[in-house]
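Per chain, numbering begins at 1; letters A, B, ... match sequence-line order.
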Amino acid sequence: MSQDLLPKTYDPVEIESKWYDIWIKTNCFKADENKKNREYSIVIPPPNVTGSLHMGHALNNTLQDILIRYHRMRGYNTLWMPGMDHAGIATQNVVERQLAAEGLTRQDLGREKFIERVWEWKQHSGGVIINQLKRLGCSCDWDRERFTMDEGLSNAVREVFVKLFEEGLIYKGDYIVNWCPRCHTALSDLEVEHEETQGSLWHIRYPIENSEEYLVVATTRPETMLGDTALAVNPADPRYASFVGKHAILPLVGRRLKIIADPIVAMDFGTGALKVTPSHDLTDFELSIRHDLDRVTIMDSNAKINDRGIHFSGLGRYECRERIVSELQEKGFLEKVTPYVVGLGKCYRCKDIVEPLISKQWFVRVAPLAQEALKAVQEGQTRIIPEHWVKTYYDWMNNIRDWCISRQIWWGHRIPAWTCQECGRLVVAASAPSECPYCESSSLLQETDVLDTWFSSALWPFSTMGWPEKTPLLETFYPTSCLVTGFDILFFWVARMMMMGIKFMGNVPFRDVYIHALVRDEHGKKMSKSLGNVIDPLMVMDKYGTDAFRFTLAALAAQGRDIRLSENRIEGYRNFMNKLWNAARFTLPYCEKIDSNLDFRSISNFSLPERWILSRLNRTIATVSKALENYSFNDAAQSLYEFSWHEFCDWCLEISKIQLADEDPVVSSRAAAVLNHTLDSLLRLLHPFIPFITEEISSKLNSGSAPILRGEYPTQNDSLIDEKAERDMNFLMSVISAVRNLRAEMNVAPGKTLAVTLACVSEDQADLVRTNAEMVTNLAKISNLDLCQLTPLFSPPQDSVTAVVSGARIYISLRGIVDPSVEITRLEKEIAKVSADYESVEKKLTNQSFISKAKPEAIQKQRDRKQELTTKMEGLRDALNKMLSMQSG
RNA sequence: GGGCGGGUAGCUCAGCGGGAGAGCAUCGGCCUUACAAGCCGAGGGUCACAGGUUCAAAUCCUGUUCCGCCUACCA
């Protein structure tokens with residue numbers, strides 16, 4: 001492959017789709033369910049069937065793909081299980097909107113037809129996200145794709161429901177729930193979002209029966225007074241002690257309200273007196289149980305006032321509020337109104353304001369399940385990473401409330417419970433019973449509600465693998481190795497999977513839970529359509545390529561911190577892709593000719609830069625592997641970036657140009673082999689992050705061999721770590737940099753070669769330079785390098801500028817160019833810097849406490865530094881003195 | 001109310017006990033035969049504030065302050 005066949009800039013478009021097709025065609029992503037040895041598995045957090053790829057998905061799936069590809073290359077039998085959930089409310093909303101456009105409602109169609117319609121929608125427009133995940137390069141085992149409404153998964157749902165019901169862990173009852181008047185369904189506590197909104201606190205007078213007195217209560221929702229059935233005060237509140245047991249008269253309505261005492265009432269809030277509306281407030285509902293209070297429901301399922309609402313009947317809840325307030329005012333019941341910020345509960349799907357309402361619902365008694373899930377984390381069967389989420393998990397598990405699982409919609413798993421129309425008993429069964437087991441009547445009516453989507457998602461880690469059957473897949477891959485997810489669904493999903501996995505599989509669903517950050521815009525704002533700050537991942541991939549995008553996400557994925565994504569960061573990594581591409585363009589032609597098997601046994605014969613890059617490579621391998629094992633994606637990415645660009649490209653490639661041109665074929669071919677080896681290893685290291693470009697380059701580097709995706713991930717070879725080579729190279733690189741620096745400071749044309757005198761502090765140092773003189777002169781553009789020892793007799797060349805590196809003095813002769821005053825200023829500045837450093841070191845070393853208490857290594861380090869700074873200072877002072885005398889002379 | 005995370009270069013962030021770092025942006029010089037999406041250099045920071053622990057603090061502890069998020073039955 002000749003380099004002119006490769007374009008100068010990397011163009012991702014064709015390469016990406018080409019490789020994805022090849023991977024799919026050659027079954028690269030397939031898991032082997034029958035190979036029980038070193039298995040690694042992840043189940044995807046199922047995206048919503050109505051969804052399309054956003055930044056959160058992109059990050060989440062990029063990280064999973066990195067883990068999967070890494071382990072696959074490490075030789076693990078990997079399974080990445082893909083799929084989607086059916087998103088009951090969201091999907092139903094989508095299809096209902098479609099119907100509305102045709103002037104129809106779901107009721108017009110009827111349940112069966114409507115469900116058919118939803119499936120139709122799913123066939124045609126659902127699941128676009130799957131293709132977008134492919135675009136992102138996700139190496140899921142697509143043949144195993146699952147959907148929560150699949151037959152198998154639906155069986156699992158019914159099986160679990162029946163089992164939990166039989167054990168008394170599922171029950172049905174009249175309770176107050178969060179009701180969304182727009183979606184017409186109950187919501188679980190988690191599905192309600194709280195939002196602080198400016199509201200008011202209305203202080204209303206409740207006259208005491210047979211008395212001139214009244215009690216003032218403060219409320220944020222005056223309209224609910226229509227449903228008041230009591231007043232409550234704190235039993236410890238002396239202000240109201242005399243009122244307890246008496247009755248008040250409900251303004252406008254006239255109902256008698258018992259005044260009760262309960263410790264739940266906060267004395268310091270409002271007036272310390274609470275109106276109790278059991279049917280429309282969660283706290284009040286609980287009070288009604290404790291004190292056996294009446295419940296008066298005054299709203300219907302649309303949140304309109306019903307016929308219990310006297311002359312307000314038929315009004316919407318907010319219209320009613322206005323009317324009530326003005327009527328209270330007119331009649332003198334309103335004492336005052338104060339501004340107040342309320343936490344309004346909103347439906348997480350449609351943002352309508354949630355209304356607490358009493359209705360018949362199904363619940364899971366979660367406390368016993370939660371205890372097990374709590375224990376599993378406490379005992380370390382499942383690790384949560386980063387660890388600070390553990391506390392959040394514990395808190396929630398410890399304060400968990402029963403889970404309302406019924407939803408009054410049609411799309412979803414219909415509750416497998418039937419009521420006998422003859423004897424009225426409830427029959428719960430995995431499949432439809434033909435007759436009532438109690439009275440043998442065949443007149444059975446199934447529940448119309450469906451289950452919360454999260455109920456089926458909770459089973460995902462095992463239902464996708466074929467449970468309740470005992471499948472080889474479950475046998476091999478359960479528990480899964482890791483779950484990767486955002487903290488926003490820690491409770492919704494992770495906690496519930498833990499409960500269900502332990503309950504039904506007898507084992508935790510995953511060994512590790514890695515919780516990643518949220519992706520925000522560059523100013524830290526949550527991306528949202530209404531703010532208009534959304535960056536579309538598909539646009540990013542089009543513009544910069546998938547690899548650049550993935551690398552950006554990985555590089556920004558520091559643990560425990562949100563990601564602020566900016567486009568110019570992505571652009572920077574796009575440039576990195578191009579850099580790699582060009583490094584390959586340079587390297588490839590040389591690689592064709594060589595036998596790529598480097599014999600590391602003869603490493604001692606390798607040149608210094610060769611030993612150096614191999615040493616650096618192996619350190620990088622160690623860093624990257626360790627970082628990935630610890631889910632430190634950013635560390636891994638950063639280390640790879642640094643090595644690729646600033647060691648491999650900036651130095652190794654440049655140095656190799658000299659060696660590749662060497663007349664000695666041993667030298668040139670070894671240089672090519674080292675380049676080839678380093679590039680090949682680097683591509684493998686990078687592959688999990690940037691699969692496409694690495695595959696493309698690798699295919700050219702090793703034409704005819706299997707995809708790199710199935711290749712081996714490099715492992716660290718300790719025998720190639722060479723500290724001396726690193727030290728020596730650091731010295732030589734510093735010398736080169738120093739010369740370049742002086743050249744730039746002195747405004748010497750880059751093309752102009754220079755005469756340099758290098759006075760070394762030791763024979764070893766001089767030897768080192770001598771052996772690598774070609775490299776030094778080449779990279780520093782030196783025409784004439786004069787090497788000598790720094791002896792007392794040494795006299796620096798005339799008309800030169802000076803730098804000091806590790807004691808060695810570098811003099812660049814600039815006859816006629818040197819302006820002493822410029823050089824003096826430069827040296828003085830340099831000396832000031834060095835002497836500041838010197839003083840801080842000296843201060844430490846003269847501090848007795850430091851000498852006696854600090855670690856010996858720390859002391860030695862300061863001594864070494866002092867030595868280094870001393871020689872540097874001497875060199876600079878000498879140079880300065882010389883310049884000063886030159887100027888005056 | 002409880003909890004968590006954060007305030008480090010102009011911007012976005014690493015670092016989390018021993019010489020203040022990166023990317024982008026800025027400035028100067030280069031079309032050097034892999035790459036101008038590039039190369040070679042440079043400038044830029046009392047690491048939010050105040051105390052404390054330590055020989056040593058951006059880093060650990062306490063408090064203050066400002067931001068963000070999660071959670072909760074003060075209506």
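Judged by Watson-Crick or G-U wobble contacts below 3.5 Å, the nucleotide B:rC47 has no partner. In this entry B:rA37 has no Watson-Crick or G-U wobble partner, no candidate having both defining distances under 3.5 Å.
Residue-level contact check: A:Y544 touches neither bases nor backbone, having no heavy atom under 4.0 Å from any strand. Using a 4.0 Å heavy-atom distance criterion, A:Q638 is classed as a sugar-phosphate-only contact. When heavy atoms are screened at a 4.0 angstrom cut-off, A:H280 is found touching no nucleic acid atom at all. Residue contacts shown for A:T392 are absent, as no nucleic acid heavy atom lies under 4.0 Å away. Within the 4.0 angstrom heavy-atom criterion, no nucleotide atom of any strand lies near A:L282. Heavy atoms of A:D650 sit under 4.0 angstrom from primed sugar atoms or phosphate atoms, though from no base atom. A:T224 comes within 4.0 angstrom of no nucleic acid atom, judged by non-hydrogen atoms across all strands. Here A:L490 lies out of heavy-atom contact (under 4.0 Å) with every strand.
For B:rG23, one of the phosphate oxygens OP1 or OP2 lies less than 4.0 angstrom from a side-chain nitrogen or oxygen of A:H646. At least one side-chain nitrogen or oxygen of A:S737 sits closer than 4.0 Å to the OP1 or OP2 atom of B:rG41. Applying the 4.0 Å criterion to OP1 and OP2 of B:rC73, one finds that A:R401 has a side-chain N or O inside that range. The phosphate of B:rC11 (OP1 or OP2) has no side-chain N or O of A:N568 nearer than 4.0 angstrom. Regarding contacts with the backbone of B:rG19, every side-chain N or O of A:K861 stays at 4.0 angstrom or more from both OP1 and OP2. For the OP1/OP2 pair of B:rA42 and a distance below 4.0 Å, the side-chain nitrogens and oxygens of A:N741 include at least one atom meeting the criterion. Considering only side-chain N and O atoms, A:K657 lies nowhere under 4.0 angstrom from the phosphate OP1 or OP2 of B:rU32.
Note: NZ (A:K8) to P (B:rG38) measures 13 Å, nearest angstrom. One atom, CD1 of A:I812, and another, C1' of B:rC40, lie 13 Å apart when rounded to the nearest Å. Rounded to an integer number of Å, the gap from NE2 of A:H388 to C1' of B:rG6 is 11 Å. For A:D395 and B:rG1, the CG to C1' distance is 14 Å, given to the nearest whole Å. Separating the OH atom of A:Y10 from the C1' atom of B:rA37 is a distance of 14 Å, rounded to the nearest angstrom. Taking atom CZ of residue A:F491 and atom C1' of nucleotide B:rC70, one finds them 7 Å apart after rounding to whole Å.
Between A:K700 and A:E696 there is a salt bridge, since a side-chain N of the basic residue sits under 4.0 Å from a carboxylate O of the acidic one. With salt bridges taken as basic N to acidic carboxylate O contacts below 4.0 Å, one links A:E335 and A:R205.
The A:K579 side chain lies nearest to B:rG38 when the options are B:rA75, B:rG38, B:rG41. Nearest nucleotide to the A:V265 side chain, out of B:rA34, B:rA75, B:rG23: B:rA75.
Distance noted for atom P between B:rG5 and B:rG15: 14 Å (whole Å). Between B:rG44 and B:rG28, the two C1' atoms lie 15 Å apart (nearest whole Å). The same atom, C1', is picked in B:rC49 and in B:rU8; the two are 15 Å apart, to the nearest Å. Separating the P atom of B:rG23 from that of B:rC40 is a span of 12 Å, rounded to the nearest Å. For the P atom pair drawn from B:rC11 and B:rU46, the interatomic distance equals 13 Å after rounding to whole Å. Nucleotides B:rA57 and B:rA48 place their C1' atoms 16 Å apart, quoted to the nearest Å.
For B:rA56, its base never sits under 3.5 Å from the side chain of A:Q862 at any donor and acceptor pair. Judged by atom type and distance alone, A:R865 reaches the base of B:rG19 through a side-chain donor-acceptor pair under 3.5 Å.
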Start with the C-alpha distance between A:N575 and A:E571, add both sets of side-chain angles, then the distance that settles side-chain hydrogen bond (donor to acceptor under 3.5 Å, both in side chains), and finish with yes or no. CA-CA 6 Å; A:N575 297 352; A:E571 192 184 338; 5.0 Å; no
Trace of the side-chain contact (heavy atoms from CB on, under 4.5 Å) decision for A:L742 with A:R826: CA-CA 10 Å; A:L742 287 177; A:R826 191 188 69 84; 3.2 Å; yes
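With rounding to the nearest 0.5 angstrom, the OG1 atom of A:T277 is 8.0 Å from the CD1 atom of A:I298.
A cation-pi arrangement, defined by a distance under 6.0 Å to the six-membered ring centre and an angle within 45 degrees of its axis, is present between A:K657 and A:F586.
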